[in-house]
Amino acid sequence: MIKRIIAYSEGSDNTATRDFYVHVLGLDVAMDDPVLGFRSRDDPAAQVLVLPPGSTDPVPRWGVDLGEPEAVERAHAEAVRRGLRVVYPLTDEPWGVRRFFVEDPGGTVVNVLAHVTGSSRTE
């Protein structure tokens with residue numbers, strides 16, 4: 001089950017970025033440290049995360065939240081089985097997310113993730 005798909009961007013001016021996503025596009029601030037996170041009032045699964053420059057290498061273009069950590073493990077195993085390039089290893093992050101980054105066939109980096117039970121922070 002896919003819970004949400006998250007677009008990623010990078011930005012260095014948090015004030016201007018916040019103003020753009022809130023006042024121009026009408027999104028709500030969901031997170032503001034260390035990553036700026038925005039979500040739709042009408043559909044909280046519609047999200048944009050703005051990463052500080054250099055915060056992750058490589059930078060994913062979007063994330064797919066599979067809903068369950070076990071689904072992330074299955075996706076990782078399938079990506080490896082198919083010989084896809086995993087560019088960030090399967091990891092349990094300290095903020096409560098299990099994830100890995102994989103290149104799709106076109107070379108786009110995708111963050112495949114799920115929150116670990118008991119974690120409520122949006123990533």
Considering all heavy atoms of both residues, which atom of [X] and which atom of [Y] are nearest to each other, and what is their separation?
{"X": "A114", "Y": "D65", "answer": "CA-OD1, 3.7 Å"}
{"X": "A71", "Y": "L66", "answer": "O-CD1, 3.5 Å"}
{"X": "V35", "Y": "P52", "answer": "CG2-CD, 4.4 Å"}
{"X": "V50", "Y": "E10", "answer": "CG1-C, 3.8 Å"}
{"X": "A75", "Y": "V112", "answer": "CB-CG1, 4.2 Å"}
{"X": "I6", "Y": "L49", "answer": "CG2-CG, 3.7 Å"}

For residues 69-84, pull every pair meeting side chain to side chain donor-acceptor pair (under 3.5 Å), keeping only residues two or more places apart or in separate chains.
E73-R98, E78-R81, E78-R82
In the single-linkage hydrophobic clustering (I, L, V, M, F, W, Y; side-chain heavy atoms under 4.5 Å), do [X] and [Y] co-cluster?
{"X": "V87", "Y": "V102", "result": "no"}
{"X": "V59", "Y": "W95", "result": "yes"}
{"X": "V22", "Y": "F20", "result": "yes"}
{"X": "I5", "Y": "F100", "result": "yes"}
{"X": "L90", "Y": "V110", "result": "yes"}

Whether the side chain of R99 engages the backbone of Y88 through a donor-acceptor N/O pair (distance < 3.5 Å, no angle test) should be reported.
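Not a single qualifying donor-acceptor pair exists.
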Pair S40-L27, side-chain contact (heavy atoms from CB on, under 4.5 Å): steps then yes or no:
CA-CA 5 Å; S40 166; L27 296 172; 4.2 Å; yes
So do the side chains of [X] and [Y] get within less than 4.5 Å of each other, counting heavy atoms only?
{"X": "V86", "Y": "F101", "value": "no"}
{"X": "L25", "Y": "V48", "value": "no"}
{"X": "D104", "Y": "W62", "value": "yes"}

From NZ (K3) to NE2 (H115), nearest 0.5 Å
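One finds 7.0 Å between NZ of K3 and NE2 of H115.
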From CG (D13) to CG (L36), nearest 0.5 Å
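These two atoms lie 10.0 Å from each other.
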Note: with side-chain heavy atoms under 4.5 Å as the link, the other cluster members for M1 come out as none
For the pair D32 and R18, evaluate side-chain contact (heavy atoms from CB on, under 4.5 Å) and give the outcome as yes or no after the intermediate values.
CA-CA 9 Å; D32 65 2; R18 186 180 291 105; 3.8 Å; yes
Excluding sequence neighbours, so at least two apart, what forms salt bridge (Lys or Arg N to Asp or Glu O under 4.0 Å) with E103?
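Here the qualifying residues are R85.
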